[in-house]
**Q** 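Okay, handing you the structure first.
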There are 2 protein chains.
Amino acid sequence: MQVTAEELFLGKSGLYGSDRPMDDQTFSDDEDRRDQEDTRPKYMKIRDAIYRKYIAGRPSNSVIPPERKLAEEFKASRVTIRKAIGKLEADNVVYKVQGGGTYTVEPGIVKSLKLTSFSEDIRARGMVPSSRVLLHERAQADREASWRLKVSPGADVYILRRLRLADGEPMCLEEVTVPLEYVPDIEKQNITGSFYDVLQHKYGLLPVWADQVVSPVVLEPGDVKLLQVAPYSPALKIVRVTFDAKGRRIETTTSLYRGDKYMLHYAVKRD
Amino acid sequence: MQVTAEELFLGKSGLYGSDRPMDDQTFSDDEDRRDQEDTRPKYMKIRDAIYRKYIAGRPSNSVIPPERKLAEEFKASRVTIRKAIGKLEADNVVYKVQGGGTYTVEPGIVKSLKLTSFSEDIRARGMVPSSRVLLHERAQADREASWRLKVSPGADVYILRRLRLADGEPMCLEEVTVPLEYVPDIEKQNITGSFYDVLQHKYGLLPVWADQVVSPVVLEPGDVKLLQVAPYSPALKIVRVTFDAKGRRIETTTSLYRGDKYMLHYAVKRD
DNA sequence: GAGTGGTCTAGACCACTAG
DNA sequence: TAGTGGTCTAGACCACTCG
């Protein structure tokens with residue numbers, strides 16, 4: 001029987017700042033903000049409080065207090081409570097039954113898909129990300145990249161090809177392409193960790209959402225060697241186009257993930 | 001260059017009842033309800049109205065009217081308008097910029113993942129689903145199925161194995177397992193279309209959400225023959241566990257999708 | 001500064017589930 | 001029937017963007 005993604009990767013997912021163990025990596029913005037002074041909206045704090053008090057550690061299908069009671073307890077309007085619970089529902093932490101109540105979902109079930117970089121993804125899974133740069137240069141966009149980025153074929157782009165590892169083990173081959181106009185002097189940068197961090201902090205490009213296409217492939221000899229797997233192993237090919245808040249296409253990435261070590265795991269809902 | 005999922009499958013996705021072409025298949029509940037008398041909540045109707053009036057057919061990054069104006073126009077409170085727009089945002093149809101405005105997203109970009117049956121999925125892609133039953137019997141749960149359904153190994157289950165086709169072409173091999181207690185006399189049923197329909201209308205089991213794990217595999221000789229692809233072709237293996245509103249595990253499905261014809265296509269967002 | 005989206009309130013009525 | 005979540009209102013203030 002094949003090992004599931006859960007067993008491979010998913011520890012206590014330390015949601016909502018409850019008890020996340022810090023490693024010695026750089027922290028995300030989110031964690032920084034949470035540490036100093038909590039200026040987050042009330043509904044987010046309430047979401048976390050509800051999680052800690054009524055959900056974490058509880059068996060599944062436990063009832064949580066009705067919205068009106070929670071409104072009293074947290075001194076908030078019912079609308080605000082509903083917004084907090086709405087977030088928990090979106091993350092598949094609780095489910096609601098009209099006329100019935102709100103109940104906890106079985107723990108260990110994975111939450112919905114979020115836009116993350118490889119580094120964030122691997123760190124969230126409790127492993128240490130690293131990478132080996134294979135290519136790092138300016139080039140002309142080929143037909144596929146230009147189509148995905150909506151730039152003219154042959155336009156100046158920056159290409160970064162890396163072997164990405166989790167706990168020192170090869171996990172994925174990744175090729176990022178960015179229109180050069182967005183990252184003028186990037187060749188001089190030293191790219192080590194999250195490329196999204198570089199985009200955001202050095203160039204003010206904030207990824208907001210991405211379009212992803214996943215397909216299965218059989219690895220070619222060159223890739224097999226880099227990923228250290230058996231010839232003709234299966235892999236997940238993930239093609240991503242990332243957009244910022246203004247709808248600009250800021251980068252596109254093609255990744256090949258080892259099929260034996262990496263699976264996609266997510267929750268889907270009925271409309 | 002590989003053909004993208006968009007080119008393969010995604011036509012005008014006829015969202016929000018705007019101009020969906022009806023085929024001669026059975027209709028979903030949703031469409032029925034929309035046809036007779038519209039008892040849906042106001043915010044849903046407004047969502048559709050906004051979509052039709054300000055989004056469909058517009059170029060991307062067009063501004064839509066501010067919330068306060070829309071509240072006047074549709075004679076609703078701003079909260080209700082925000083709820084409608086929130087749905088559009090969740091479906092990746094618009095994006096918002098605080099202090100700026102609300103803008104349309106590029107059309108043709110796929111919306112977020114939803115829980116659908118194979119039939120619904122294929123129909124949404126503008127093709128006609130069909131299937132060939134390969135196995136249809138009661139059996140004892142094996143170790144993997146019992147673990148996924150949280151029943152004792154050896155418990156009575158119903159197994160349905162089908163080859164599923166789109167426009168007459170083999171697309172996927174699918175094996176559904178359901179605890180027999182939920183579907184007592186199912187062997188007598190004639191399973192043709194959507195199994196979710198049978199669960200819902202014959203047994204009152206309403207799928208609400210599902211946990212899915214996707215991995216790549218290389219097809220084995222027997223499967224290759226059924227799917228009519230070359231030996232050792234890659235495929236997507238999708239393992240799903242479906243839950244109802246009460247958190248019960250109502251079915252689990254293992255599917256093998258042809259890698260050359262079927263891709264997963266979805267949008268992810270930043271937190 | 002004017003206009004936008006983001007948050008929040010206090011209260012109301014409806015639809016549904018349960019004992 | 002009592003209690004739950006689902007919807008909706010009218011108004012307020014804040015944070016942000018833009019000209």
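So you know, we letter chains A, B, ... as the sequences are listed, proteins then strands, and number each from 1.
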**Q** Without decimals, in angstroms, what is the distance between B:R82 CZ and C:dC8 C1'?
**A**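 After rounding, the gap between these two atoms is 11 Å.
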**Q** Would you mind reading off the distance between A:L70 atom CG and D:dG6 atom P, rounded to a whole angstrom?
**A**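 Taking atom P of D:dG6 as the reference, CG of A:L70 is at 13 Å.
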**Q** Using the side chain to side chain donor-acceptor pair (under 3.5 Å) criterion, which residues pair with A:R58? Sequence neighbours excluded.
**A**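 Testing A:R58 for side chain to side chain donor-acceptor pair (under 3.5 Å), a comparison that skips the adjacent residues, returns none.
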**Q** Of all residues at least two apart in sequence or in a different chain, which pass the side-chain contact (heavy atoms from CB on, under 4.5 Å) check with B:E89?
**A**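 B:E89 satisfies side-chain contact (heavy atoms from CB on, under 4.5 Å) with B:V94, B:K96, B:K269 only.
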**Q** With sequence neighbours excluded, tell me which residues meet side chain to side chain donor-acceptor pair (under 3.5 Å) with A:S146.
**A**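 Counting only residues at least two positions away or on another chain, A:S146 forms no side chain to side chain donor-acceptor pair (under 3.5 Å).
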**Q** What integer distance in Å separates A:Y95:OH from D:dG5:P?
**A**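 To the nearest whole Å, that distance equals 13 Å.
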**Q** Provide, to the nearest angstrom, the distance between the NZ atom belonging to B:K69 and the P atom belonging to C:dG5.
**A**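 From B:K69 NZ to C:dG5 P: 10 Å.
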**Q** Side-chain N or O of A:Y43 less than 4.0 angstrom from OP1 or OP2 on C:dC8?
**A**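 False: A:Y43 side-chain N/O out of range (4.0 Å or more) of C:dC8 OP1/OP2.
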**Q** So which nucleotide from C:dT9, C:dG5, D:dT4 ends up closest to the side chain of A:T80?
**A**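 Closest nucleotide among those given: C:dT9.
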**Q** Kindly say if A:S77 contacts the phosphate of C:dG11, meaning a side-chain N or O under 4.0 Å from OP1 or OP2.
**A**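 For C:dG11, OP1/OP2 do not have a side-chain N/O of A:S77 under 4.0 Å.
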**Q** Base contacts versus sugar-phosphate-only contacts with protein, heavy atoms under 4.0 Å: please encode nucleotides 12-19 of chain C as B, S and - from 5' to 3'.
**A** BB-BBB--
**Q** So, is A:T102 close to the D:dT4 phosphate, meaning a side-chain N or O under 4.0 Å from OP1 or OP2?
**A**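 So the side chain of A:T102 is outside the cut-off, no N or O lying under 4.0 Å from OP1 or OP2 of D:dT4.
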**Q** Looking at A:K96, does any N or O in its side chain come under 4.0 Å of the phosphate oxygens OP1/OP2 on D:dG6?
**A**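 Yes, A:K96 has a side-chain N/O under 4.0 Å of OP1/OP2 on D:dG6.
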**Q** With no hydrogens and no angle check, is any side-chain donor or acceptor of A:S60 less than 3.5 Å from a backbone partner on A:V105?
**A**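 Side chain of A:S60 to backbone of A:V105, a donor-acceptor pair under 3.5 Å: no, none is there.
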**Q** Expected output check: what is the dot-bracket annotation of DNA chain C, where ( ) and [ ] are pairs inside the strand (brackets for crossing ones), | is paired with another strand, and pairs are Watson-Crick or G-U under 3.5 Å?
**A** ||||||||||||||||||.
**Q** How many whole angstroms separate atom NZ of B:K83 from atom C1' of D:dG5?
**A**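 Taking atom C1' of D:dG5 as the reference, NZ of B:K83 is at 10 Å.
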**Q** May I have the distance from A:I64 (atom CD1) to D:dG5 (atom P), rounded to whole angstrom?
**A**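 Spelled out: CD1 on A:I64 to P on D:dG5 is 8 Å.
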**Q** Could I get the full list of ring-ring contact (aromatic ring centres under 6.0 Å, His included) partners for A:Y158, not counting sequence neighbours?
**A**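 Checked A:Y158 against ring-ring contact (aromatic ring centres under 6.0 Å, His included); matches are A:H136.
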**Q** side-chain contact (heavy atoms from CB on, under 4.5 Å) with B:Y103: which residues, sequence neighbours excluded?
**A**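 B:Y103 satisfies side-chain contact (heavy atoms from CB on, under 4.5 Å) with B:V63, B:Y95, B:V97 only.
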**Q** Can you tell me the distance, in whole Å, between the CD1 atom of B:I81 and the C1' atom of C:dG5?
**A**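 One finds 14 Å between C1' of C:dG5 and CD1 of B:I81, rounded.
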**Q** Would you mind reading off the distance between B:L88 atom CG and C:dG5 atom P, rounded to a whole angstrom?
**A**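 Answer to the nearest Å: 13 Å.
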**Q** Taking side chain to side chain donor-acceptor pair (under 3.5 Å) as the test, write out the residues that go with B:K53, two or more places apart.
**A**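 Result, side chain to side chain donor-acceptor pair (under 3.5 Å) vs B:K53: B:E73.
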**Q** Heavy atoms from C-beta onward define the side chain here; which of D:dG5, D:dT9, C:dC8 lies closest to that of A:K42?
**A**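 For the A:K42 side chain, the nearest candidate turns out to be C:dC8.
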**Q** Mind checking side chain to side chain donor-acceptor pair (under 3.5 Å) for B:D244 and listing every partner two or more places apart, or none if nothing turns up?
**A**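 Checked B:D244 against side chain to side chain donor-acceptor pair (under 3.5 Å); matches are B:R248.
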**Q** Please confirm whether the backbone N or O of B:A155 pairs with a side-chain atom of B:S152, one donor and one acceptor, at under 3.5 Å?
**A**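 A pair under 3.5 Å: no.
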